[in-house]
Amino acid sequence: MAQTLYELLNDCVVVVNVPALGSQGTGFFVASGLILTCAHVIEAPPAANTTIGIGWRGKTFPASLLKQTDAKGSDLALLQVTIQDHPCVLLQGAAEPFNNLYSYGYPDLFAQGASTTFQSEGWVGSQREIIKFQSGQARPGMSGSPILNLETGCVCGIIQKTRDRNAALGGLGLVAPAIYQAWPDLEGQCKQFQQRDARWLDAMTVQQRQRIGQLWQLSVSNSVKVFFSYAQEDEELRKELAKQLKIMQRLGLITSWYEDDIQAGELREEAKKQLNQASIILLLISADFMASDYNYEEMELALKRHDAGMARVIPILMRSTMSWEQTPLGKLVAIPRNGRPVANWKPRDEGFYEVAKEIRRVVEDLKKPKTAP
């Protein structure tokens with residue numbers, strides 16, 4: 001079942017216990033096996049024999065301190081745990097004045113966990129490295145809690161201080177760019193997790209996904225090559241689909257190729273070359289596509305590669321098309337899975353989003369390590 005960003009954020013949050021201190025704080029998953037919290041939560045640098053416990057989903061796990069900064073400075077600690085199949089927040093960006101913020105942590109008054117909402121007042125510091133927020137109560141135990149910016153859909157920072165533990169005066173937190181400035185390699189680790197696990201991106205709105213797609217750009221050396229086969233009459237629909245896939249391209253998951261208005265009758269050797277190199281072939285089905293001799297030939301070449309196990313062919317229902325199921329494409333599962341062509345969705349973005357999710361699942365499957373038979 002799909003999770004909301006609130007539910008997913010809560011599932012990324014952990015209790016940080018240091019028995020020697022007799023208190024608890026909060027942390028959250030930022031990359032595979034890595035938990036971000038505040039240095040003062042674990043009294044960094046801790047004694048050599050200090051035990052750190054992580055509470056998550058009703059179980060307790062041992063953790064080790066991987067690295068930390070000065071508790072009087074940027075006040076960060078990165079813990080390492082051995083936990084499988086955990087989610088991660090998408091740690092990116094900051095917050096503008098008046099942005100609505102959400103957090104979840106383990107304050108002293110609600111030791112089993114509680115949500116809190118704040119409003120951004122703006123920044124503190126010459127580099128805008130500190131976010132100042134109000135209209136919510138930051139109690140002891142909330143240090144290390146993530147700050148979710150509801151406008152961007154990203155965790156924009158970490159709670160570090162309260163301004164008054166007994167009133168709704170909010171607190172202060174360190175923003176994501178300052179965290180990555182302290183530990184530059186952490187941003188790449190966060191991005192790599194998001195490449196493998198689509199839960200956070202799936203929980204974001206279309207607008208939020210477009211925003212993060214504009215911010216992130218990764219190497220494409222291990223990306224999956226995607227080929228678009230479509231009729232020129234469907235160029236605008238292809239562009240809309242390409243927008244939904246742009247985030248995957250920026251994350252380095254895919255590269256894409258399509259014909260740029262090549263005239264009928266020309267030798268299309270480059271198109272055939274690209275089709276034969278692609279791992280995923282998208283067939284954008286419409287009446288114009290099925291009526292085109294060239295597109296039909298491309299479809300037959302694609303199906304040969306599919307049948308030989310050399311590529312995945314995905315039929316995409318773009319516009320209503322009579323009897324397409326009676327063609328050789330009928331043996332494949334088309335998307336959207338409900339059989340409604342994308343052009344008939346209202347709003348149309350929802351149809352393209354469903355298609356993009358299916359394509360991402362195929363991409364993730366292709367990128368899984370292959371086991372020997």
With the threshold set at 4.0 Å, does a side-chain nitrogen-carboxylate oxygen contact exist between [X] and [Y]?
X    : Y    : answer
R312 : D365 : yes
D11  : R57  : yes
R361 : E364 : no

Compare all side-chain heavy atoms of [X] with those of [Y] and state whether any distance is below 4.5 angstrom.
X    : Y    : answer
I285 : I316 : no
R319 : L237 : yes
D288 : N295 : no
L79  : I42  : yes
V355 : P336 : yes

Inset, instruction - Show your working on side chain to side chain contact (heavy atoms under 4.5 Å, CB included) between L317 and T321 and close with a plain yes or no. - result: CA-CA 8 Å; L317 304 178; T321 307; over 6 Å; no
Can you see whether [X] engages [Y] through a side-chain donor-acceptor pair at a distance of less than 3.5 angstrom?
X    : Y    : answer
Y6   : S115 : no
Y294 : E298 : yes
K357 : Q244 : no

With no hydrogens and no angle check, is any side-chain donor or acceptor of [X] less than 3.5 Å from a backbone partner on [Y]?
X    : Y    : result
S74  : L76  : no
E235 : Q232 : no
Q194 : Q192 : no
T205 : Q208 : yes
T37  : A77  : no
R163 : L169 : yes
S286 : F289 : yes
T162 : A138 : yes

Once rounded to the nearest 0.5 Å, what's the spacing between atom [atom1] of [X] and atom [atom2] of [Y]?
X    : Y    : atom1 : atom2 : result
K132 : F118 : NZ    : CZ    : 14.5 Å
E43  : C38  : CD    : SG    : 14.0 Å
L283 : M318 : CG    : CE    : 11.5 Å
L34  : H86  : CG    : NE2   : 7.5 Å
L8   : Q3   : CG    : CD    : 5.0 Å
C190 : Q92  : SG    : CD    : 7.5 Å

Is the count of non-hydrogen atoms from other residues, nucleotides or ligands lying under 6.0 Å from [X] atom [atom1] greater than 12?
X    : atom1 : value
F110 : CZ    : no
Q181 : CD    : no
K243 : NZ    : no
E300 : CD    : yes

Measure across [X] and [Y] and return the closest heavy-atom pair with its distance rounded to 0.1 Å.
X    : Y    : value
A334 : W324 : CB-CH2, 3.5 Å
Q24  : A111 : NE2-O, 3.4 Å
A182 : T69  : CB-CG2, 4.4 Å
V175 : I130 : CG1-C, 4.5 Å
W123 : A95  : NE1-O, 3.0 Å
L91  : Y180 : O-OH, 2.6 Å

Legend entry - Test applied, side-chain contact (heavy atoms from CB on, under 4.5 Å); reference residue, V89; option that passes from F193, F29, W200: W200
Legend entry - Within residues 332-343 or reaching into it, pairs that qualify as side-chain hydrogen bond (donor to acceptor under 3.5 Å, both in side chains) - sequence neighbours excluded: R337-E358
Legend entry - Residue pairs, two or more places apart or on separate chains, that pass side-chain hydrogen bond (donor to acceptor under 3.5 Å, both in side chains) and touch residues 344-355: S320-N344
Legend entry - salt bridge (Lys or Arg N to Asp or Glu O under 4.0 Å) assessment of D108 paired with R165: CA-CA 10 Å; D108 56 347; R165 64 178 58 184; 5.6 Å; no
Legend entry - Qualifying salt bridge (charged side-chain N to carboxylate O under 4.0 Å, His left out) pairs with a residue from residues 64-88, counting only residues at least two apart or across chains: K67-D185, D85-R199
Legend entry - Test side chain to side chain contact (heavy atoms under 4.5 Å, CB included) applied to I280 and K225, step by step: CA-CA 6 Å; I280 295 177; K225 189 164 188 175; over 6 Å; no
Inset, instruction - Could you please spell out the steps behind the side chain to side chain contact (heavy atoms under 4.5 Å, CB included) verdict for L241 and F228? - result: CA-CA 10 Å; L241 175 57; F228 287 80; 3.8 Å; yes
List the atom pairs, with distances to 0.1 Å, where a side-chain N or O of residues 141-157 and a protein N or O form a donor-acceptor pair under 3.5 Å, not counting sequence neighbours.
unit_1 : atom_1 : unit_2 : atom_2 : d
S143   : OG     : H40    : NE2    : 3.0
S143   : OG     : Q160   : O      : 3.4
S145   : OG     : M142   : O      : 2.7
N149   : OD1    : E151   : N      : 2.9
N149   : ND2    : A94    : O      : 3.1
N149   : ND2    : N99    : OD1    : 3.1
E151   : OE1    : N100   : N      : 3.2
T152   : OG1    : C154   : N      : 3.2

Legend entry - Any residue meeting ring pair (Phe, Tyr, Trp, His ring centres under 6.0 Å) with Y106, in chain and number order, not counting sequence neighbours: Y104
Please report, to 0.1 Å, the donor-acceptor pairs under 3.5 Å made by any side chain of residues 301-309, with sequence neighbours excluded.
unit_1 : atom_1 : unit_2 : atom_2 : d
R305   : NH1    : L275   : O      : 2.9
R305   : NH1    : A278   : O      : 2.7
R305   : NH2    : N276   : O      : 2.9
R305   : NH2    : M310   : O      : 3.4
H306   : ND1    : V313   : N      : 3.2
D307   : OD1    : K331   : NZ     : 3.1
D307   : OD2    : K331   : NZ     : 2.9

Inset, instruction - Tell me, with the steps shown, if L282 and V226 meet side chain to side chain contact (heavy atoms under 4.5 Å, CB included). - result: CA-CA 7 Å; L282 307 178; V226 177; 3.6 Å; yes
